[in-house]
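Heads up, the thing below is written out as structure tokens.
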Number of protein chains: 4
Amino acid sequence: MCRETDNMEKQTIEYSEKQNAIIQSAEKLFSQTGFDGTSVRDIAQEAGVNVAMISYYFGSKDKLMEAVFEQKTTQMRLKIENLLLNNNITHLEKVNILIDEYVDKFVDQQEFHKIMMREQILERSTPVAALILELKKRNLQSIKKLIQEGQKSGEFKKHIDIMLMMSTLVGTVSQVVVSKRFYCEVNHLQNLTEPEYLKYIRKKLSVHLKNLFKITLTNDI
Amino acid sequence: MCRETDNMEKQTIEYSEKQNAIIQSAEKLFSQTGFDGTSVRDIAQEAGVNVAMISYYFGSKDKLMEAVFEQKTTQMRLKIENLLLNNNITHLEKVNILIDEYVDKFVDQQEFHKIMMREQILERSTPVAALILELKKRNLQSIKKLIQEGQKSGEFKKHIDIMLMMSTLVGTVSQVVVSKRFYCEVNHLQNLTEPEYLKYIRKKLSVHLKNLFKITLTNDI
Amino acid sequence: MCRETDNMEKQTIEYSEKQNAIIQSAEKLFSQTGFDGTSVRDIAQEAGVNVAMISYYFGSKDKLMEAVFEQKTTQMRLKIENLLLNNNITHLEKVNILIDEYVDKFVDQQEFHKIMMREQILERSTPVAALILELKKRNLQSIKKLIQEGQKSGEFKKHIDIMLMMSTLVGTVSQVVVSKRFYCEVNHLQNLTEPEYLKYIRKKLSVHLKNLFKITLTNDI
Amino acid sequence: MCRETDNMEKQTIEYSEKQNAIIQSAEKLFSQTGFDGTSVRDIAQEAGVNVAMISYYFGSKDKLMEAVFEQKTTQMRLKIENLLLNNNITHLEKVNILIDEYVDKFVDQQEFHKIMMREQILERSTPVAALILELKKRNLQSIKKLIQEGQKSGEFKKHIDIMLMMSTLVGTVSQVVVSKRFYCEVNHLQNLTEPEYLKYIRKKLSVHLKNLFKITLTNDI
DNA sequence: CATGAATGAGTGTTCATTCAT
DNA sequence: TATGAATGAACACTCATTCAT
């Protein structure tokens with residue numbers, strides 16, 4: 001465990017305060033207006049730094065994008081891996097924790113996930129696309145292991161298409177997060193404040209997905 | 001009903017051959033490289049027309065985007081509505097047809113759906129966003145009606161969150177469509193041709209989602 | 001002869017008025033401040049056109065440079081070749097005409113020759129460098145032929161290093177052209193107008209070089 | 001004469017090791033890619049010093065250029081002057097030594113001479129241009145004196161345009177040095193190593209120019 | 001004395017759009 | 001109706017230089 005933590009901190013590149021401000025601004029603007037729709041001037045202004053600093057620190061706009069992803073994906077991967085590692089609970093409980101983790105991740109870090117979605121849509125073979133693919137592969141491995149252990153213990157059914165279940169998990173959360181305005185209008189939630197809405201949606205998604213997974217994975221009704 | 005149809009057909013603007021070529025090219029390129037990543041020159045070249053034609057016909061690049069959406073969303077809405085209208089079958093069978101319709105729609109018209117996803121992610125209040133919102137609202141209404149009829153007939157359970165189910169439906173399909181490369185690599189499907197892959201994924205999604213909906217909507221195991 | 005002229009005109013690319021204005025301005029500014037020292041904005045201003053026109057017409061700054069060279073070098077090569085082709089005079093007279101041609105060429109087209117000199121100094125392997133090399137090779141061939149014919153006829157000495165003689169011809173003219181200010185100050189010619197100075201220097205160079213070539217090529221004292 | 005020497009040595013500024021490294025790197029890069037084509041970062045990297053050092057030590061990029069010239073031109077001037085001063089030989093022999101000196105100077109210090117040529121081409125009134133002009137004037141004076149003494153002694157002809165002869169000397173050597181690639185290709189010398197080529201060209205130039213000067217300056221055939 | 005961080009001005013180029021024809 | 005020519009604004013990026021330390 002300690003070793004893990006050490007590695008984690010070693011892998012994470014240390015950025016200066018300004019560099020972090022740039023990364024954060026980039027993350028925000030890329031999610032709001034897309035990569036091509038965001039100019040380095042916008043990012044610089046948002047971060048309160050000179051335009052030239054972006055090239056100075058990150059080399060290019062593309063490299064900045066990579067830095068944003070490098071940082072985030074590393075964090076995510078490690079979180080999922082640690083999550084599944086050391087719990088003394090049933091496999092279904094682990095699945096439920098995983099679901100809550102994904103829900104929280106998408107809800108809390110909407111901005112980054114929007115960038116990630118858009119990058120996947122574009123299907124271009126960039127370093128960023130490679131990072132996403134790698135992240136998804138490793139996460140799938142972790143979850144596959146969890147499901148297989150549950151199957152061995154008899155807790156889960158055989159013949160589960162883990163990938164489709166993951167698509168349902170990730171897809172449902174993405175869809176709800178992205179359709180915020182639609183969701184609010186239809187369900188008459190326009191009066192909710194942002195935190196209230198987030199709390200509400202988090203709970204809804206959690207219950208919905210846990211139920212979906214339970215009836216899919218186990219034999220219980 | 002007749003009135004509805006009439007209105008609908010009135011809404012559909014008639015375009016010249018060149019205009020249609022432009023719309024089609026725009027749809028393709030917007031999905032491949034995004035709105036900002038696509039230049040009007042690219043679109044003009046792809047469509048085999050002069051650059052100035054785009055401003056000439058559609059007024060601006062933004063307006064062209066709207067035209068693309070106007071056309072597509074109208075088509076989609078009509079298809080869903082007609083689908084649910086005249087069938088002499090059980091409500092679950094209607095749901096299954098609906099699922100297949102969504103799967104086919106996303107798989108066959110990936111390009112347009114990618115643009116739509118990206119536009120939703122951006123969350124900007126554009127005419128295009130309004131069109132998407134309107135489409136989703138009307139589709140939701142149609143489906144709500146279907147589910148409620150199924151509940152009245154005792155075929156479906158009470159207390160179904162239709163919106164979350166729709167998010168699962170749309171989200172899962174989107175996710176799979178978008179993660180094509182990931183899906184292929186993990187499932188060792190790299191040797192499949194494009195049509196083979198599409199057929200495969202269509203079937204997988206259809207079975208998976210029908211199963212999900214069945215156990216969610218009905219009391220049957 | 002007619003065929004030659006036809007070819008010549010076929011080879012020469014036809015440029016629009018604006019394109020020619022750009023080429024001319026580029027030639028001037030490149031010679032005055034160098035390629036790197038000249039911005040496309042400077043060229044555009046000098047030519048009285050929009051900055052974007054340069055990329056629009058020539059693709060890039062580099063390509064503009066190539067266009068300048070393409071045009072000039074073609075003209076030069078053809079002139080030299082035609083010069084040596086059809087004259088009914090002695091070989092020494094031909095050499096003298098050649099000398100005058102070089103002197104005139106360098107004096108009249110100082111600006112372009114300055115660019116050419118600088119490009120040679122840089123020794124970079126650009127398309128422009130290739131054009132210069134090609135021009136020099138073809139000119140050398142023409143002159144070699146002339147000298148060899150003179151040697152066959154007994155008019156010229158054997159064992160003449162044509163290349164060194166050409167270096168002396170070109171080098172001397174270049175040197176004088178480039179050292180204008182030095183030349184004027186030392187010879188107290190500051191009061192001469194530009195045309196007066198050019199006339200003066202042309203005569204001086206012509207006599208000097210013809211003398212040098214005569215005593216080098218022939219056996220006469 | 002002593003005073004002269006004293007002044008000269010006073011003029012020579014003493015530079016630190018780092019400063020010399022910068023000057024040397026600047027000389028190299030300016031010759032290879034031109035003044036505008038060379039960035040201070042390139043120079044700093046080549047010299048292994050911090051970028052800011054250049055402004056710190058020399059004030060600006062322009063001032064660095066001046067420093068490069070100040071150093072070199074002083075060295076050159078002194079060499080020529082000393083050369084002509086103390087020899088107990090004929091005037092023609094002195095001229096021959098002078099020719100070899102120029103040939104060696106241009107061949108050995110090609111890089112610096114390329115910068116000098118380029119600066120002359122630009123014709124701008126910079127401190128650097130003034131330094132070059134001053135150098136050329138003083139060298140011309142020295143040589144004028146030599147020729148005039150030769151004329152007095154009857155060794156040389158009357159009516160010699162020293163300046164044109166100097167232009168031929170400097171121009172020919174420059175031309176050959178600059179046209180290295182052309183020279184090698186045409187004379188099939190591509191297989192020669194760099195030192196072999198330099199040796200070859202030095203000899204060629206020496207013989208060619210000494211011959212040219214002999215027949216020009218003296219009455220001998 | 002020395003330097004990493006930072007900057008504003010400037011680079012070449014591309015953009016969506018307009019306009020004369 | 002249709003378009004080649006043209007444009008100003010914006011783009012990502014590099015520059016020589018400055019400054020706090």
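Residue numbers begin at 1 in each chain, while the letters A, B, ... track the order of the sequences. Bear in mind the structure is a predicted one, so any value in this text is a computation, not a measurement.
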Starting from the C-alpha separation in whole Å, work towards a yes-or-no answer on salt bridge (Lys or Arg N to Asp or Glu O under 4.0 Å) for D:R181 and C:E123. CA-CA 8 Å; D:R181 200 176 143 207; C:E123 282 184 9; over 6 Å; no
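In this entry the distance linking CE of A:M53 with P of F:dT14 reads 13 Å, nearest Å. One can place CE of B:M65 at 13 Å from P of E:dT17, the figure rounded to the nearest angstrom. Across the protein-nucleic acid pair, C:K18 atom NZ and F:dG4 atom P stand 17 Å apart, rounded to whole Å. For C:Q45 and E:dG12, the CD to C1' distance is 16 Å, given to the nearest whole Å. Between C:E17 atom CD and F:dG4 atom C1' the separation is 17 Å, expressed in whole Å. Taking atom NZ on D:K61 and atom C1' on F:dT14, their separation rounds to 11 Å, with Å as the unit. Between the CZ atom of C:F58 and the C1' atom of E:dT13 there is a distance of 16 Å, rounded to whole Å. Taking atom OH on C:Y15 and atom P on F:dA5, their separation rounds to 14 Å, with Å as the unit.
Applying the 6.0 Å contact sphere to CD of B:E66 captures more than 12 heavy atoms from other residues, nucleotides or ligands. By the neighbour-count criterion of 12 heavy atoms within 6.0 Å, atom CD of B:Q75 is densely surrounded, having more than that number from other residues, nucleotides or ligands.
Using a 4.0 Å heavy-atom criterion, one finds that B:Y57 contacts the sugar-phosphate atoms exclusively. Contacts of C:S16 with the nucleic acid, taken as non-hydrogen atoms under 4.0 Å apart, are absent.
The nearest pair of heavy atoms linking D:S25 to D:I43 is CB-O, 3.9 Å. Taking all atoms of both residues into account, the shortest heavy-atom contact from B:Y15 to B:N20 is O-ND2, 3.5 Å. Contact between B:V40 and B:I54 at its shortest, heavy atoms only, is O-CD1, 3.4 Å. Among all heavy-atom pairs drawn from C:A26 and C:V68, the shortest one is CB-CG2, 4.1 Å.
Taking 3.5 Å as the limit, the base of E:dG12 and the side chain of C:R41 contain a donor-acceptor pair of atoms between them.
Side-chain rings of A:F30 and A:F112 stay apart, their centers remaining 6.0 Å or farther from each other.
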Distances under 3.5 Å only, N/O to N/O: pair up the protein atoms with those of nucleotides 18-21 of chain F.
none

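In this structure, the side chain of C:K63 does not engage the main chain of C:S55 through any donor-acceptor pair within 3.5 Å.
Between A:V49 and C:S60, the one whose closest nucleotide on DNA chain E sits nearer the 5' end is A:V49. Each of D:D42 and C:N50 was matched to the nucleotide of DNA chain F holding its nearest heavy atom; the match closer to the 5' end belongs to C:N50. Nearer to the 5' terminus of DNA chain E, by closest-nucleotide assignment, is the contact made by C:V40 (compared with the other of C:V40 and B:I54).
A cation-pi arrangement is present between B:K61 and B:F35 under the rule of less than 6.0 angstrom and at most 45 degrees off the ring axis.
For the residue pair C:K114 and C:Q32, no side-chain donor N or O sits within less than 3.5 Å of a side-chain acceptor on the partner.
Within the 4.5 Å cutoff, no side-chain heavy atoms of A:Q71 are placed close to those of A:E27.
Taking a pair as Watson-Crick or G-U with both hydrogen-bonding distances under 3.5 Å, the stems of three or more pairs touching DNA chain F are E:2-21 with F:2-21.
A heavy atom closer than 4.0 Å to some atom of DNA chain F occurs in A:T38, A:S39, these being the qualifying members of residues 27-39 of chain A.
Proximity of A:K63 to the phosphate of F:dA12: no side-chain N or O atom is located under 4.0 Å from OP1 or OP2.
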